[in-house]
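Inspection log for the structure reproduced underneath, given as structure tokens.
These figures come from a predicted structure and were not determined experimentally. Counting from 1, the numbers follow the sequence of the chain as shown.
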Amino acid sequence: ITNNGTEGILTVTSGTSVTVQVTITANDASGCAQSSSQNFTLTGGTPPSVSTISKSTAGVVCGGDDFTLTASQNSEDEYYWIHPDGTQTTTTTNTLDISGASSESAGNYYVQTFSAGSCISARSSAFNVEVSIPPVVSIVNQGEDRFCANSDITLQVPAYDGFDYVWQLDGTNTGTNSNSLTASESGSYTVTLVDQTTSCQETSGSISVTAVALPTASFTVADEVCTDASLDFDASTSTGESTLTYRWDFGDGTSATGVAPTHTYTTAGTFNPVLTIGYSDVASCETTATSPVVVSTAPTSADIAAAMTPDPSTTDKCPEDILTLSLPTGYQSYSWTANGNVVSTTNSADISTNANQQSVDVTVDITNDIGCDVNGTVVTVSNYANSGFTFSSMDGEIINDTLELAEALREVDLTVNNGSNYEWSPADLLNTTTGASVIVYPRDRVSVLTVTGNDQSEGQCATTSEVTVISPGVIARKSFSPNGD
């Protein structure tokens, strides 16, 4: 009998069977001696041979791999496997399968065998299993998960001695043997750490990143504008893969934001406004566009008058005619005013003079083709000098073509001047219908005479004028009656 603390070993060295009474005496917690006895009957026989252990794979087991231990004795009824942590597994075959090797799988293994009607074999020699488990790593993105396609980001894991690093993009190897990777493409990245001694490996979880294509900057704007005119910019034609931001530099020291700002240039010259667009959620991903703008000084009223055809300052007309004035087409707006009325809103206007009006002032307001407002241009349309008829009478003064008699007269002398080819009407009030001088026989209190002909102006204008005779009373014309009544 060999005592070993709380464990005792009894060895029977002879005989085929024996009954043994085992008595255990020990002190309890209070110091009192306590005894207990039990009989054991041992049957003699030859124990199974001690097995040796082999492993299904040579060398070090990689973490996560499966392996099998095999006892050399393969005909026993039971196999008692002792694990590195002291736990026991019983099998009825000579193999022990270990799934998913871990750090707890590493250490010494033992096996004992048992045959029915016999004894349990002695423990085998220790069989050491070494498990290699590379570090478990997570990829850290030193940049942003969404980055600009014209840039890159750095993916990184901790550096460990004795390990190689295999990076993959969507399952395909990429990069170099380093604990960091410069990534410039969209996709899912992983890294596998490979033990340089055992070739055991551990693959990280994946990290997905997106390389966002550069936006395309584009805008529309008029290529020429007047100083102090509002100019519209529109960048709605710009495109991109995310929400866009807009930044404007108008080239004159001022700036703005937004997709469609307006701007006013106050000095003449050529300016190069620049639009910079980017993404609200992707840093440093910008493109630019520019389009030159020519800013011109607004024309003067003299410029507008000079552009008018025909030139009203050198072109006269007959009193009864119209003069059509025109400006270049393509202006944004026109407004012509004469005698207090708007006579046209197109590029041309028909101008006439009123009766007894030698000339008329015409006011023109325009917005030209590049947005310049020029208001209040005044030109004068005149009739020919010395145009029209004048009237005179020995019977009184004619004012504004009206002769108002001081007393009733049976006959009134009228003379038309400054013309030729005169024809008078109505004939029943006249002694003749032709010639410069006529005698009028007033019939009513107001008699209106009409004369036509050509005046003596440069244009030899066909002219029609009226002269009115107002009598204070009507005197019957002298008449003759053969009966003397």
Side-chain angles (χ1 to χ4, degrees), residues 214-240 243-280 285-313 324-338 341-351 361-380:
L214 281 165
T216 300
S218 174
F219 68 92
T220 56
V221 67
D223 56 10
E224 189 174 4
V225 70
C226 274
T227 54
D228 300 319
S230 180
L231 186 60
D232 295 327
F233 292 78
D234 185 359
S236 61
T237 53
S238 298
T239 58
T243 302
L244 295 175
T245 61
Y246 305 85
R247 190 171 71 252
W248 301 86
D249 180 348
F250 295 118
D252 61 351
T254 61
S255 61
T257 58
V259 65
T262 59
H263 182 62
T264 300
Y265 290 99
T266 58
T267 58
T270 299
F271 297 88
N272 292 293
V274 177
L275 166 66
T276 301
I277 66 169
Y279 294 118
S280 60
C285 201
E286 297 178 331
T287 55
T288 62
T290 186
S291 181
V293 174
V294 177
V295 180
S296 302
T297 302
T300 64
S301 291
D303 296 327
I304 299 303
M308 200 174 295
T309 57
D311 183 351
S313 67
T324 300
L325 298 179
S326 298
L327 284 170
T329 59
Y331 288 1
Q332 296 178 19
S333 67
Y334 306 83
S335 178
W336 304 77
T337 303
N341 299 310
V342 176
V343 295
S344 177
T345 56
T346 68
N347 73 303
S348 64
D350 294 333
I351 306 301
D361 287 339
V362 181
T363 302
V364 185
D365 300 329
I366 64 99
T367 300
N368 71 1
D369 55 334
I370 60 173
C372 300
D373 292 326
V374 185
N375 297 322
T377 299
V378 178
V379 297
T380 300

Checklist entry - Within a strict 4.5 Å, meaning less than it, do heavy atoms of the Ile370 and Ser296 side chains meet? => result yes
Next on the checklist: Testing the basics here: between Ile277 and Thr239, what is the closest heavy-atom pair and its distance to 0.1 Å?
Outcome noted: CD1-O, 4.2 Å
Next on the checklist: For a quick test of reading the model, state the closest non-hydrogen atom pair linking Leu244 to Pro215 and the distance between them.
Outcome noted: CD2-CB, 3.8 Å
Checklist entry - Just wondering, do Ile366 and Ile304 contact through their side chains at under 4.5 Å, heavy atoms? => result yes
Next on the checklist: For residues 247-271, which residue pairs pass the salt bridge (Lys or Arg N to Asp or Glu O under 4.0 Å) check, not counting sequence neighbours?
Outcome noted: Arg247-Glu286
Checklist entry - Do the side chains of Trp248 and Ser255 get nearer than 4.5 Å, heavy atoms only? => result no
Anything under 3.5 Å between a donor and an acceptor, one on a side chain of residues 265-274, the other on a protein residue two or more places apart or in another chain? List them.
residue	atom	partner	partner atom	Å
Tyr265	OH	Phe250	O	2.8

Checklist entry - Any donor and acceptor pair, going by atom type alone, linking the side chain of Thr262 with main-chain N or O of Ser230 inside 3.5 Å? => result no
Item to check | Criterion side chain to side chain donor-acceptor pair (under 3.5 Å) on Thr380 and Asp361, from CA distance to verdict | outcome: CA-CA 4 Å; Thr380 300; Asp361 287 339; 2.7 Å; yes
Item to check | Min side-chain heavy-atom separation Val221-Leu231 under 4.5 Å | outcome: yes
Next on the checklist: If the condition is side chain to side chain contact (heavy atoms under 4.5 Å, CB included), which residues does Ser236 pass it with, not counting sequence neighbours?
Outcome noted: Asp234, Val259
Item to check | Sub-4.5 Å side-chain heavy-atom contact between Ser344 and Asp350 | outcome: no
Checklist entry - Is there side-chain contact between Val294 and Asp223, with heavy atoms separated by less than 4.5 Å? => result no
Checklist entry - Could you give the distance from CG (Leu275) to OG1 (Thr288), rounded to the nearest 0.5 Å? => result 8.0 Å
Item to check | Side-chain donor or acceptor of Ser238 paired with backbone N/O of Ser218 under 3.5 Å | outcome: yes
Checklist entry - What heavy-atom pair brings Tyr279 and Leu214 nearest, and what distance separates the two atoms? => result OH-C, 3.8 Å
Checklist entry - Looking at side-chain heavy atoms only, is the closest gap between Ile351 and Val343 below 4.5 Å? => result yes
Checklist entry - Quick one: are Val374 and Asp365 in side-chain contact, heavy atoms under 4.5 Å? => result no
Item to check | Derivation and outcome, side-chain contact (heavy atoms from CB on, under 4.5 Å), residues Val295 and Val293 | outcome: CA-CA 6 Å; Val295 180; Val293 174; 4.2 Å; yes
Next on the checklist: Determine whether Thr227 and Cys372 satisfy the following criterion, side-chain contact (heavy atoms from CB on, under 4.5 Å), listing intermediate values before the conclusion.
Outcome noted: CA-CA 8 Å; Thr227 54; Cys372 300; over 6 Å; no
Next on the checklist: Test your reading of the model: is there a side-chain donor-acceptor pair from Asn347 to the backbone of Pro328, 3.5 Å cut-off?
Outcome noted: no
Checklist outcome for this item: Contacts of Ala289 meeting side chain to side chain contact (heavy atoms under 4.5 Å, CB included) (sequence neighbours excluded), chain-then-number -> Ala217, Phe219
Checklist outcome for this item: Heavy-atom closest pair (Thr363 atom, Gly376 atom, distance to 0.1 Å) is CG2-CA, 4.0 Å
Checklist entry - Asp303: what forms a side chain to side chain contact (heavy atoms under 4.5 Å, CB included) with it, not counting sequence neighbours? => result Pro299, Thr300
Checklist outcome for this item: The complete set of side chain to side chain donor-acceptor pair (under 3.5 Å) pairs with one or both residues in residues 325-337, sequence neighbours excluded, reads Ser333-Thr367
